[in-house]
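Per chain, numbering begins at 1; letters A, B, ... match sequence-line order. Because the structure is a prediction, the values reported are computed rather than measured.
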Protein chains: 2
Amino acid sequence: MGDKLKIVDEIRSFNRYYTKLLGLLNNQLLNSKYSLTEARILYEIHAGEKVTATQIISELGIDKGQLSKIMRNLEKYGLITRKASETDGRVILISLSPSGKKVYNELDAASNQQINDMISVIPEGNQKQLTACMQEIKMILINSSTDDVRKRS
Amino acid sequence: MGDKLKIVDEIRSFNRYYTKLLGLLNNQLLNSKYSLTEARILYEIHAGEKVTATQIISELGIDKGQLSKIMRNLEKYGLITRKASETDGRVILISLSPSGKKVYNELDAASNQQINDMISVIPEGNQKQLTACMQEIKMILINSSTDDVRKRS
DNA sequence: CAAATATAGTTGATTATTTCAACTATATTT
DNA sequence: AAATATAGTTGAAATAATCAACTATATTTG
């Protein structure tokens, strides 16, 4: 097998492995009453504070029609508040409401707990090594792409 | 921030990063007429040769009712063949048909091409480093879990 | 400036995907 | 032989994703 192919193969193998891992983590987590997409959106709103739909769309790569409907629901549940931007009449600024923050915190805590459980069986040195690898991967991929889709965390 | 928390945070950051990356890769790839789940199933059948529905379910973590329907479609498209096991009347052995192999090969080639494109901008030394990290991550996670969900590629 | 074009977000119709429980059939256990 | 377990199918219902048309506001350009 060519050198290049071996590298491609290893990346694809990792992608399969990690797809499965993420799937398991997400399934396990989402016995809550919110969907994965809703949870990711709440995360983005929390991380940004005053974000726009467009930002979330670009961050999560979902359809704007879909996002619009999810937003409507999140507002109906009382988790977010929306107000028109004062500088641009087209955009709407989204924030977490107090109860949205509470839900976010719960999801966040559950997520922390889950990862904690996952790594609790890993010797400490390996945990360090694990995260070093993760940082390294992000760095290599981000650096190699100045105006590439893969940018941003 | 506690040491433990820093590690958990880094893992979660990586998970968000990689979720997005995988999403982009999958979206890009699946302008083909097959869904991601169908493509993953074709991969599993190809990797196993004579697999059972139960194996695929456990490998991909999807619902058995859903799998059953997808299988019905794949058979309708002529991509797979199913025959009853001779040793256990309940199980059905699944294989790729010639045209299923063709489709698999196309998807496989597109996937290779895509990863190739992705890494083509990365200096060769970094590519090696990237895959070394990926292998390391798999190793650490797999080793730490003898009878854990995360096992298997 | 006015017309054309672009951007932000919403809506409705359609399709696809998921979920879940009930069901058939065969195997295994007791 | 009866009870229980496993493999897979089916149907109904709920959710989610897709896509094009649409409103409203901004920006560009001749």
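Taken residue by residue, residues 88-96 of chain B places heavy atoms nearer than 4.0 Å to DNA chain C at B:D88, B:G89, B:R90.
An OP1 or OP2 oxygen of C:dG9 is reached within less than 4.0 angstrom by a side-chain nitrogen or oxygen of A:T54. Within the structure, every side-chain polar atom (N or O) of B:R72 is placed at least 4.0 Å from both OP1 and OP2 of D:dG8. A close approach under 4.0 Å does not occur between any side-chain nitrogen or oxygen of A:R82 and OP1 or OP2 of C:dG9.
Qualifying salt bridge (charged side-chain N to carboxylate O under 4.0 Å, His left out) partners for B:R82, counting only residues two or more places apart in sequence or in other chains: B:E75.
For the residue pair A:Y18 and B:N15, a side-chain donor N or O sits within less than 3.5 Å of a side-chain acceptor on the partner. Checking B:S85 against B:T87 by side-chain atom types alone, a donor-acceptor pair falls below 3.5 Å.
When Watson-Crick and G-U wobble pairs are counted only if both distances are under 3.5 Å, D:dT10 pairs with C:dA21. Across all strands shown, D:dA3 is found opposite C:dT28 as a Watson-Crick or G-U wobble partner, with both distances under 3.5 Å. Base pairing of D:dT15: its partner is C:dA16, meeting the Watson-Crick or G-U wobble criterion (both donor-acceptor distances under 3.5 Å). Across all strands shown, C:dA2 is found opposite D:dT29 as a Watson-Crick or G-U wobble partner, with both distances under 3.5 Å.
Set against D:dG8, C:dG9, C:dG12, the side chain of B:A53 has D:dG8 as its closest nucleotide. The side chain of B:D63 sits closest to C:dT19 out of C:dT10, C:dT19, D:dT9.
A salt bridge links A:K138 to B:E10: one of the charged nitrogens lies within less than 4.0 Å of a carboxylate oxygen. Salt bridge annotation for A:R40-A:E59: absent, with no cationic side-chain nitrogen under 4.0 angstrom from a carboxylate oxygen.
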